[in-house]
Every structure is written in C-alpha cells, then in structure tokens.
Protein chains: 4
Amino acid sequence: MAIRKTSRQGVIDHALRLFRRNGYHYTSMADIGTACGLLKGSIYHYFSTKEELASATLEKEINVAKEHIFNSAYQEGNSDQQRLIDFAEGISLHFKDREGGCLMANFAFEAGNTLPELMPIIAHYFEEWVESLAHILEKRYGRHRALELAADSLARTQGALLLMKVDNRAQAALQRTQHDMLSLLG
Amino acid sequence: MAIRKTSRQGVIDHALRLFRRNGYHYTSMADIGTACGLLKGSIYHYFSTKEELASATLEKEINVAKEHIFNSAYQEGNSDQQRLIDFAEGISLHFKDREGGCLMANFAFEAGNTLPELMPIIAHYFEEWVESLAHILEKRYGRHRALELAADSLARTQGALLLMKVDNRAQAALQRTQHDMLSLLG
Amino acid sequence: MAIRKTSRQGVIDHALRLFRRNGYHYTSMADIGTACGLLKGSIYHYFSTKEELASATLEKEINVAKEHIFNSAYQEGNSDQQRLIDFAEGISLHFKDREGGCLMANFAFEAGNTLPELMPIIAHYFEEWVESLAHILEKRYGRHRALELAADSLARTQGALLLMKVDNRAQAALQRTQHDMLSLLG
Amino acid sequence: MAIRKTSRQGVIDHALRLFRRNGYHYTSMADIGTACGLLKGSIYHYFSTKEELASATLEKEINVAKEHIFNSAYQEGNSDQQRLIDFAEGISLHFKDREGGCLMANFAFEAGNTLPELMPIIAHYFEEWVESLAHILEKRYGRHRALELAADSLARTQGALLLMKVDNRAQAALQRTQHDMLSLLG
DNA sequence: TATGAATGAGGCTTCATTCAT
DNA sequence: GATGAATGAAGCCTCATTCAT
C-alpha cells in the first residue's frame with residue numbers, strides 16, 4: 001500500500017473540478033479522495049488543510065486563465081484588434097462546457113464570510129482580468145475609460161455565467177457579451 | 001408556556017437576511033433562532049425543514065422585488081421612459097447597502113447541485129426581471145431584441161453585484177449599469 | 001427522544017471519574033457519552049468543547065477538596081490539633097479507593113504542554129492545599145516555616161499517590177505521610 | 001539511497017527527551033522523526049512499534065539513573081555518609097533543568113490504563129531507587145525502617161518534581177527533600 | 001537504510017431534526 | 001407555541017503503521 005496513486009497536481013485538478021461544480025462546502029474531503037482514488041485522510045499527505053487545497057486550486061485557476069485568456073492581451077506581435085479577438089475567444093473556450101461556471105466567482109460567494117484568507121487571491125484574479133483587457137483598450141479609449149469598459153465587460157461575463165446556472169439558454173447572453181466586446185475595437 | 005415570540009413572517013425576515021449575507025449552508029437553524037429570539041427547535045413550528053424555510057424566503061424576495069422593481073414596468077399611467085427610470089432606480093434602492101448582494105444569485109450558486117427544488121423559484125425571479133424590463137423596451141426594439149437587451153442588463157447587474165463582494169469599488173460598475181440602462185430609451 | 005437522561009452535573013461527575021482514571025487524552029467524548037448514557041454529540045448540549053468540560057471537572061474537584069479537606073483548617077471551634085487531625089483524615093478519605101489518584105496531578109502532567117488554560121486552576125488547587133495546611137501550622141512554626149512544611153507534606157502525599165499507580169503497596173507510604181503530618185503538632 | 005542518518009541509540013535519545021517533555025501520547029512518531037532527521041516511517045527500521053520504542057527509552061532511563069544515582073549506594077570504598085551525599089547529589093544533578101521532570105513518573109501517569117506492558121519497567125525503576133537508598137540506610141535503621149524511609153524520600157522527591165510542573169517555586173521543595181535526606185545520617 | 005505514499009481507525013465537533021414537557 | 005434534551009449522520013483532521021521503491 002505504498003503505490004503512488006496520484007500527485008499533488010492530480011489532487012488539485014480533481015479538487016478544482018469538484019469545487020467549481022459543487023462549491024467549497026459541498027465538496028467534502030471524502031469526495032475529493034474518491035475522485036483521486038484516495039481515502040480522505042490521504043489527501044493530507046499533500047495538503048495540510050482543506051483550505052490550503054482550495055488555495056492551491058485558486059492559484060492553478062489563475063495560471064490557467066492567464067494562459068488561456070489574459071496573456072493574449074500582451075502578445076507583442078499582434079494588433080490590438082487581434083489581441084481582443086484572442087481575448088474574447090479565450091473566454092469562450094475557457095468557459096465552454098465548464099460545469100459550474102467560474103471557480104473564482106463561486107468562491108467569491110463562499111469566501112467572504114468563511115474563508116477570508118482566500119479573498120485576496122480572488123480579487124487578484126479579477127484585477128488581472130480587468131487590467132489585461134484594459135491594456136488592449138487603452139490606446140483607443142484612454143486608461144480611465146478603458147478600465148471602466150473592461151470592468152463592465154467582466155461584470156457582464158460573470159453575470160451571464162451566473163444566469164447559465166439557472167437557465168442554460170443564457171449561453172446566448174454570454175455570446176453576446178463576447179460579441180459586444182469585439183465591437184469595442186470594431 | 002406558549003407565549004408567542006414571533007411569527008412566520010418574522011422568521012422569514014430574519015432568515016432572509018442571514019441567507020443573503022452568509023448563504024444557505026453557512027446559516028444554521030441556530031443562527032436563525034438566535035436572530036428571532038427562538039431556539040432552533042422552535043423554528044420547526046413554522047417550517048418543517050430548513051429547505052422549506054429557504055423556499056419561503058425566496059418567495060418573499062420575489063414579492064419584494066416585484067414591489068420595488070418589476071411592477072414599475074407595468075404602471076399604466078407612466079411613459080416608457082418614466083417606467084425605465086423607475087425600474088433602474090428600483091434596482092439601485094433595492095441593492096443599496098444590502099449586505100450580501102442578491103439573495104437569488106447567492107442561492108443560484110448553492111442551489112444548483114444541492115437544492116434542486118429551489119431552482120425553479122430562482123429561475124422564475126430572473127424571468128420576471130427580464131420579462132418586465134423587456135416589456136418596457138419592446139415598443140422601441142421589438143420583442144426579440146428587447147428580451148436580449150433585458151437579459152444583458154440583468155447579467156451586468158448581477159455581475160456587478162458579484163464583483164462588489166470582492167471589491168467594493170465595483171459599486172461604480174453597478175451605477176454605470178443603471179446609467180447605460182437608461183440610455184436604452186435616451 | 002427528548003427524555004432527559006442526565007444533567008450538566010451528571011456529565012461532570014462521569015467525566016471527572018474517567019479523566020481521573022484514564023487521563024484527559026485517553027478519555028474520549030464517546031467514552032464520556034457512554035458513561036452518561038448519551039451519544040458523544042449530545043455532550044455538546046452541555047459543554048461547548050472537551051476542554052470546557054475538563055475545566056468544569058477541575059472546578060468541581062476543587063470544591064470537593066475544599067469541603068473534604070481544606071475547610072477543616074478554618075474551623076473556628078476546633079483546636080489546631082483537631083484541625084490537623086481532620087485535615088489528615090480528610091486526605092485519607094478523599095483518596096481512599098479513588099482509582100487514578102489525584103485528578104489535579106494527572107492533569108498537571110497533561111496540561112502543561114497541551115492545555116495551558118487549565119494550569120491556573122491546577123495551580124490554584126495546590127496553593128489552596130498549602131495555604132490551608134500552613135494556616136494550621138503557622139502559630140507553632142511561624143508563617144515561613146509553616147509554608148515550607150505544608151509544601152513538603154503536599155509533595156509527599158502526591159508522590160505517594162503516584163507510587164500507588166505503580167505498586168499498590170505504596171498505600172503504606174501514603175499512610176505514613178498522614179501520620180508524620182500529625183506529629184507536626186504532636 | 002541508504003545513507004545512514006542515525007542509529008538506534010540516536011532515535012532513543014531523541015524520543016526519550018520528547019517523551020519526557022510532552023508525554024507518550026503527545027509525542028508523535030512524526031515528532032520523533034523530525035528530531036532525528038528521519039521521516040516517521042523510517043523509525044520502523046529500528047523499532048517495530050511506538051510502544052517498543054517507548055520501552056527502549058525506559059530501559060535507557062533506568063541505566064542512566066543507575067549510573068547517575070543508584071550505583072553510588074554500592075561504592076565499596078565510600079562511607080555510608082559519603083554514599084548518601086553522592087546519592088542526593090546524583091538526584092539533584094539528574095533532574096536539574098530537566099524539562100519535563102521524571103520520565104518514569106510521566107509514563108506512570110499514562111501507562112496505567114493504556115500501556116500496561118510498560119508498568120513493570122517503571123515499577124522496577126522505583127524499586128531500584130528504594131532498594132539502593134535503603135541499602136545506604138539499613139545499617140543505621142534496620143532493613144524494614146530503611147525501606148520505609150527510602151520510599152518516603154522517593155515519594156517526596158517525585159511529588160516535588162510534580163509540583164514543579166505547576167509552579168517553578170517548588171524547586172525549593174525539591175532541595176529541602178535532598179537536604180532532609182542527608183540529615184538521615186547526619 | 002531511507003523515503004514517500006497510502007491506509008484505516010479514531011477523535012472532536014457541527015448541525016438538521018425530533019419530541020416530551 | 002416554545003423549550004431543552006437528545007439523536008445520528010457527516011465533516012475535518014491526526015496518527016500509528018505498512019510497504020514498494
């Protein structure tokens with residue numbers, strides 16, 4: 001019984017998916033264990049508390065979002081239009097068929113009153129989102145207005161993801177959000 | 001031993017506030033009892049399960065939102081412009097200083113995988129929102145486009161409320177949302 | 001299932017006996033529950049943590065010791081000799097057939113590194129012991145020497161109780177301790 | 001992968017110190033491992049159970065006590081007075097600044113109901129103590145009374161060590177104990 | 001020898017719920 | 001109607017122990 005069954009990364013990946021779908025509280029250590037093929041107690045070999053594991057999933061999500069979405073804002077070789085296209089498409093692909101919507105938003109709902117240590121990570125994620133999108137827009141709109149437009153676009157995107165939890169037809173709202181984003185440099 | 005300390009409505013009001021601030025799971029029956037001046041066991045005189053109580057808070061929230069927001073869309077005596085102004089202002093007032101943001105959105109995050117019976121009520125709330133806002137806009141935009149615009153506005157509003165959980169500066173995004181709503185008939 | 005099965009005092013009494021015999025750690029909440037006829041979870045109706053329950057047992061032990069032992073030092077009607085006789089006899093009766101010896105000493109071993117909040121209660125107990133015995137002796141020996149003699153007598157008593165854990169023949173050592181105590185005013 | 005990091009003796013030494021300070025239960029195999037520079041699993045190369053390791057620490061403690069204390073009772077070249085002086089001084093040095101007091105006494109508190117296999121070793125330690133001290137005294141007092149006096153002295157010493165856990169001022173009581181011991185042949 | 005991964009039992013605690021009074 | 005006592009299931013976490021590498 002010392003056969004390696006998974007890895008720190010493996011645990012993070014399974015936990016991330018479960019947290020995204022069911023939230024922090026409704027995901028038990030036993031659930032995560034089952035998903036990894038471990039017993040609940042064995043997860044403590046990799047993480048010393050559930051909260052530390054949650055923190056690791058948030059870090060991972062930030063890195064993935066950077067790779068999938070935010071980084072496209074800084075591609076030196078691309079025009080602003082192209083960067084915006086890539087940004088919007090990155091969002092579409094990132095949340096496509098992603099059960100549970102946005103991990104960060106889900107945590108934002110739970111973290112406020114019970115996991116205050118996680119709030120800064122979540123805030124950082126949203127800031128990166130706004131900052132990178134504003135970076136694309138600021139040549140056209142100036143920094144101040146670009147930040148406003150970026151924040152509004154983020155809000156619409158997150159709102160659409162929320163509505164999709166209740167009614168799948170809201171997927172159309174998400175698409176319109178991406179579409180309207182493109183028209184900002186259209 | 002039977003002095004009436006509160007009422008069904010009293011319990012609902014306290015529970016609603018707690019659910020909005022802390023979420024369904026993180027609000028215990030004991031918390032609600034404390035807020036009402038009851039012991040947790042006594043709540044079962046009014047509601048047979050916690051979920052039934054939650055359901056009652058959702059119904060109440062719908063009614064309040066109708067009164068504060070949605071009904072303004074159907075005021076026969078008012079112009080569409082005036083209705084839209086009232087609608088936007090209703091939203092502002094409804095969520096002003098409301099700790100925890102939107103009860104319905106909060107439940108949407110928790111209800112999906114764990115309280116499926118509540119989803120229809122939540123869906124109904126968002127439909128009422130879209131339907132009433134679209135009612136104001138459809139003379140100008142036609143029904144189909146009016147529904148889209150209404151849904152997008154709802155998404156932006158909910159997204160802004162979410163961002164406010166993480167960073168209070170997002171209040172500005174909420175205001176811009178109301179402002180842009182008005183310009184739809186400007 | 002709402003039949004009263006025990007009381008706060010009942011829980012304290014059972015817990016005290018188990019803590020004395022088996023120590024704090026080796027007594028589980030389930031053990032205490034079993035002794036009371038409760039489930040482990042039900043104990044939390046009376047005490048919010050195991051440590052709080054432990055604290056209550058220490059308070060109780062102090063009160064019992066005052067009644068059985070320490071108070072005899074302050075009986076106005078009695079001569080010093082008589083007080084000393086009562087004091088020594090109180091000790092004998094208090095620890096007679098008391099499985100586990102002295103609750104306070106047992107806790108002193110565990111409390112140091114893991115339950116620091118309990119140390120002051122334990123210290124208080126030993127101080128009361130020394131203070132009351134010295135009160136009997138100080139007319140004869142002066143306060144300073146009386147405090148020394150009292151502390152030495154306490155040490156011998158506690159040491160004898162410890163040895164009895166290992167070898168029941170040490171009961172004789174406990175008796176000699178009481179005997180030598182009497183000869184202090186002999 | 002097989003570099004020797006420590007030895008059986010090394011593990012015993014570290015474990016002994018931890019058991020003395022924190023007790024058997026509150027010392028985890030991981031703690032011992034950390035102290036030795038090993039992982040907890042590696043300790044099982046030297047000892048097949050935690051209890052066996054505990055047993056080894058008790059054996060070691062007995063040997064050290066013999067060397068430091070008990071043997072002085074049998075020094076053929078010395079007078080009884082000198083032997084007693086050495087015995088008392090051995091005790092003083094042995095427990096001087098020894099965090100946690102007497103390993104054997106600590107185990108006596110835990111071992112009774114949970115580690116019965118260790119009781120004989122502990123009993124043996126106390127017997128050696130009494131036997132060797134009585135050996136010094138028996139020419140003067142006769143065997144029977146010498147055994148009593150030795151047991152009483154041991155009790156007082158252990159009691160003083162216990163009181164030191166609660167209040168460091170009890171160090172004076174320990175010193176008086178050694179002093180009174182000397183006066184037995186004074 | 002030493003490691004790191006895994007186990008499984010057990011511990012404390014929380015909580016929705018029930019019910020006799 | 002309200003209470004307080006009790007339940008039982010579940011949750012997080014710890015730890016001695018095992019074992020393939």
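Lettering follows sequence order; numbering is per chain, from 1.
- If you find the closest nucleotide of DNA chain F to B:G37 and to C:S7, the one lying nearer the 5' end belongs to B:G37.
- One atom, OH of A:Y46, and another, C1' of F:dC12, lie 19 Å apart when rounded to the nearest Å.
- Using a 4.5 Å cut-off on side-chain heavy atoms (C-beta onward), C:D167 and D:F126 make no contact.
- A distance-only check finds no donor-acceptor pair linking the side chain of B:R20 to the backbone of B:C102 [under 3.5 Å].
- For the atom pair OG1 of D:T49 and OH of D:Y44, the computed distance is 7.5 Å after rounding to the nearest 0.5 Å.
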DNA chain F base-pair string [pairs: Watson-Crick or G-U under 3.5 Å; |: paired with another strand]: .||||||||||||||||||||
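- Note: D:I121 CD1 to D:S55 OG = 3.5 Å, rounded to the nearest 0.5 Å.
- Scored by the side-chain contact (heavy atoms from CB on, under 4.5 Å) test, B:A108 finds A:L162, A:V166, B:I122 as partners (sequence neighbours excluded).
- Nearest-nucleotide assignment on DNA chain E puts the 5′-proximal partner with D:K5, out of D:K5 and A:K5.
- For the side chain to side chain donor-acceptor pair (under 3.5 Å) criterion with C:S48, the lone passing option out of C:E51, C:K50, C:E52 is C:E52.
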Close N or O pairs between protein and nucleotides 13-15 of chain E (under 3.5 Å):
{"residue": "E:dT13", "atom": "OP2", "partner": "C:Y44", "partner atom": "OH", "Å": "2.5"}
{"residue": "E:dT13", "atom": "OP2", "partner": "C:K50", "partner atom": "N", "Å": "2.9"}
{"residue": "E:dT13", "atom": "O5'", "partner": "C:Y44", "partner atom": "OH", "Å": "3.2"}

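- With A:F109 as the fixed residue, the ring pair (Phe, Tyr, Trp, His ring centres under 6.0 Å) test singles out one of B:Y24, B:F107, B:F109: B:F109.
- Under the salt bridge (Lys or Arg N to Asp or Glu O under 4.0 Å) criterion, B:K5 pairs with no residue at all, not counting sequence neighbours.
- When the nucleotides E:dA2, F:dG8, E:dG4 are ranked by their closest atom to the side chain of D:L39, E:dG4 comes out on top.
- Under the side-chain contact (heavy atoms from CB on, under 4.5 Å) criterion, A:T114 pairs with B:Y26, sequence neighbours left out.
- At the phosphate of E:dA5, OP1 or OP2 sits under 4.0 Å from a side-chain N or O atom of A:H45.
- Under a 4.0 Å N-O distance rule, the pair D:D31/D:K40 does not qualify as a salt bridge.
- Proximity of residues 12-23 of chain C to DNA chain F (heavy atom under 4.0 angstrom from any strand atom) is not detected for any residue.
- Residues C:N113 and D:K165 have side chains that never bring a donor and an acceptor to within less than 3.5 angstrom of each other.
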